[in-house]
S.K.: 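Here you go, one structure.
The figures that follow rest on heavy atoms only: side chains count, while hydrogens, waters and symmetry mates do not. Small disclaimer: the values here were computed from a predicted structure and weren't measured. In the text below, chain A, chain B and the rest are named by the order of the sequence lines, each starting its count at 1.
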Protein chains: 2
Amino acid sequence: MKIDKSLLTGSTTMLILKLLEQSDMYGYQMIEELEKRSQNVFTLKAGTLYPILHTLEQEGRIESYTKEIPSKRPRKYYMITKNGRKLLDEKKAEWQFYATAVNQVLGGEGYVGV
Amino acid sequence: MKIDKSLLTGSTTMLILKLLEQSDMYGYQMIEELEKRSQNVFTLKAGTLYPILHTLEQEGRIESYTKEIPSKRPRKYYMITKNGRKLLDEKKAEWQFYATAVNQVLGGEGYVGV
DNA sequence: GACATTATATAGATTATCGATATATAATAT
DNA sequence: ATATTATATATCGATAATCTATATAATGTC
């Protein structure tokens, strides 16, 4: 199925923070991990991800460090900060609020299941 | 709660079609009805709604007719077409697909409840 | 008469994401 | 040797969706 990418709008930051909440990751890894966890629904593009990472770092939501891998290109790992966790909680609440409202309009029970 | 409006992106058309699936409505009525059904989560702006209605009409998803109301401004009612119902079904499937994937990443059971 | 409410409509600004492109390294295939 | 594929980070311009602001118009209320 070809999903309308515009539905992703606004939730990408939340999904990235969620990944980093569980473990430090480098950019490329996030793209693969997100694809895997969503069962190929989200194919986050590099051109979408990196600008978001840079913005989050500037805002103090995440921090980065470089890790040297023998005979590999160095990887830039990102870790979530306390501030980032706070943002994640807010985004999650927003998402649940929003999804519940959509389901209500669609005639569902309004339970989002998270 | 102040919900991030960007989360609405891509689903507005679906919500409008859903309203029209149940009964013919005029623009202003849709704004009020959507607000009511979503319990004030969605406050659809006129500047968002009318361009969408015009596009949907051009695409043959909806049709309009004018209704004269005594001592009222005439209202332009919209009704959904067969084509519009088809689009609604597609959008609903997309939404469920997307919401399930988000919940999966967030660690939920992946059930969206619709 | 002034103002609020109802109702439709459009233009311009903002924001998010994507596609394309660029750089760099390493492994594998031709 | 050269090409291709995979990994990895990065930026730019285009596109799309929504909002803000504004305009118009009819009606009801203070």
Side-chain angles (χ1 to χ4, degrees), chain A residues 2-17 24-36 38 41-59 62 64-78 91 94-95 98 102, chain B residues 2-17 24-36 38 41-59 62 64-78 91 94-95 98 102:
Chain A
K2 211 189 71 59
I3 198 168
D4 181 5
K5 299 288 174 175
S6 70
L7 283 170
L8 240 166
T9 305
S11 58
T12 308
T13 297
M14 173 182 72
L15 296 173
I16 291 169
L17 288 173
D24 294 5
M25 285 191 194
Y26 54 98
Y28 197 84
Q29 187 184 6
M30 291 181 213
I31 292 173
E32 292 190 313
E33 188 65 26
L34 191 59
E35 203 166 330
K36 191 181 135 203
S38 70
V41 177
F42 302 134
T43 48
L44 188 58
K45 300 303 180 302
T48 307
L49 175 63
Y50 291 106
I52 290 175
L53 288 177
H54 302 154
T55 302
L56 284 173
E57 193 171 18
Q58 273 182 354
E59 292 173 354
I62 59 177
S64 66
Y65 56 93
T66 304
K67 206 172 188 174
E68 303 291 337
I69 310 291
S71 76
K72 287 273 181 188
R73 216 202 136 152
R75 290 165 179 170
K76 199 168 172 186
Y77 276 82
Y78 291 90
K91 292 266 180 197
E94 264 180 34
W95 158 253
Y98 163 77
V102 170
Chain B
K2 210 188 74 58
I3 199 167
D4 181 5
K5 299 288 175 176
S6 70
L7 283 170
L8 240 165
T9 305
S11 59
T12 308
T13 297
M14 173 181 73
L15 297 173
I16 291 169
L17 288 173
D24 295 5
M25 284 190 195
Y26 54 99
Y28 197 85
Q29 187 185 4
M30 292 180 214
I31 294 173
E32 292 189 313
E33 188 65 25
L34 191 59
E35 203 168 329
K36 189 181 137 203
S38 70
V41 177
F42 303 133
T43 47
L44 187 59
K45 299 304 180 302
T48 307
L49 175 64
Y50 290 106
I52 291 176
L53 288 177
H54 301 154
T55 303
L56 284 173
E57 192 170 20
Q58 274 181 355
E59 291 172 354
I62 58 177
S64 66
Y65 56 92
T66 303
K67 205 171 188 175
E68 304 291 336
I69 311 290
S71 77
K72 288 270 181 189
R73 216 200 135 152
R75 290 165 177 168
K76 200 167 171 185
Y77 276 81
Y78 291 90
K91 293 266 179 196
E94 264 179 35
W95 158 252
Y98 162 77
V102 170

S.K.: Working note: B:Leu17 + B:Leu56, criterion side-chain contact (heavy atoms from CB on, under 4.5 Å); need CA distance, chi angles, decisive distance, verdict.
M.R.: CA-CA 9 Å; B:Leu17 288 173; B:Leu56 284 173; 4.1 Å; yes
S.K.: Hey, does B:Tyr77 reach any base, or is it just sugar-phosphate, or nothing, if we go heavy atoms under 4.0 Å?
M.R.: nothing
S.K.: For the pair made of CD1 in A:Ile16 and P in D:dT9, what is the distance, rounded to whole Å?
M.R.: 13 Å
S.K.: Nearest whole Å is fine: how far is C:dT5 P from B:Tyr28 OH?
M.R.: 8 Å
S.K.: Which part of the nucleic acid, if any, lies within reach of B:Ile52 when heavy atoms closer than 4.0 Å are counted: base, sugar-phosphate only, or nothing?
M.R.: sugar-phosphate
S.K.: Quick check on C:dT17: is either OP1 or OP2 less than 4.0 Å from any side-chain nitrogen or oxygen of A:Thr12?
M.R.: yes
S.K.: With respect to the side chain of B:His54, which nucleotide from C:dA9, D:dA10, D:dA17 is positioned closest?
M.R.: C:dA9
S.K.: Looking at every non-hydrogen atom in both residues, tell me the closest pair between A:Pro74 and A:Thr66 and how far apart they are.
M.R.: CB-CG2, 3.9 Å
S.K.: Do we see a donor-acceptor contact under 3.5 Å between the side chains of B:Tyr98 and B:Ser11?
M.R.: no
S.K.: Nearest nucleotide by nearest heavy atom, which residue falls closer to the 5' end of DNA chain D, A:Gly27 or B:Thr9?
M.R.: A:Gly27
S.K.: For DNA chain C, find the residues of residues 44-51 of chain A with a heavy-atom distance under 4.0 Å and give them by number; none if there aren't any.
M.R.: A:Lys45, A:Gly47, A:Thr48
S.K.: Choosing from C:dT17, D:dT18, C:dT6, which nucleotide comes nearest the side chain of B:Arg75?
M.R.: C:dT6
S.K.: Tell me what B:Leu8 touches on the nucleic acid: a base, only sugar-phosphate, or nothing, going by heavy atoms under 4.0 Å.
M.R.: sugar-phosphate
S.K.: So, applying side-chain contact (heavy atoms from CB on, under 4.5 Å) with A:Thr12, which one of A:Thr9, A:Ile16, A:Leu15 is it?
M.R.: A:Ile16
S.K.: Is there a side-chain contact (heavy atoms from CB on, under 4.5 Å) between B:Phe42 and A:Val102 once you walk through the steps?
M.R.: CA-CA 9 Å; B:Phe42 303 133; A:Val102 170; 3.6 Å; yes
S.K.: Measure from CG on A:Leu7 to C1' on D:dA17 and round the result to the nearest Å.
M.R.: 12 Å
S.K.: What is the distance, to the nearest angstrom, from the CD atom on B:Glu68 to the P atom on D:dT27?
M.R.: 10 Å
S.K.: Show every donor-acceptor pair shorter than 3.5 Å between a side-chain atom in residues 29-36 of chain B and any protein atom, with sequence neighbours excluded, or say none if there are none.
M.R.:
unit_1  : atom_1 : unit_2  : atom_2 : d
B:Gln29 : OE1    : B:Tyr26 : N      : 3.3
B:Glu33 : OE2    : B:Arg37 : NE     : 2.9
B:Glu33 : OE2    : B:Arg37 : NH2    : 3.4

S.K.: Map A:Thr43 and A:Arg73 onto DNA chain C by nearest heavy atom, then report which one ends up closer to the 5' terminus.
M.R.: A:Thr43
S.K.: Show the nearest heavy-atom pair for residues A:Pro51 and A:Ala46, with the distance to one decimal.
M.R.: CD-O, 4.0 Å
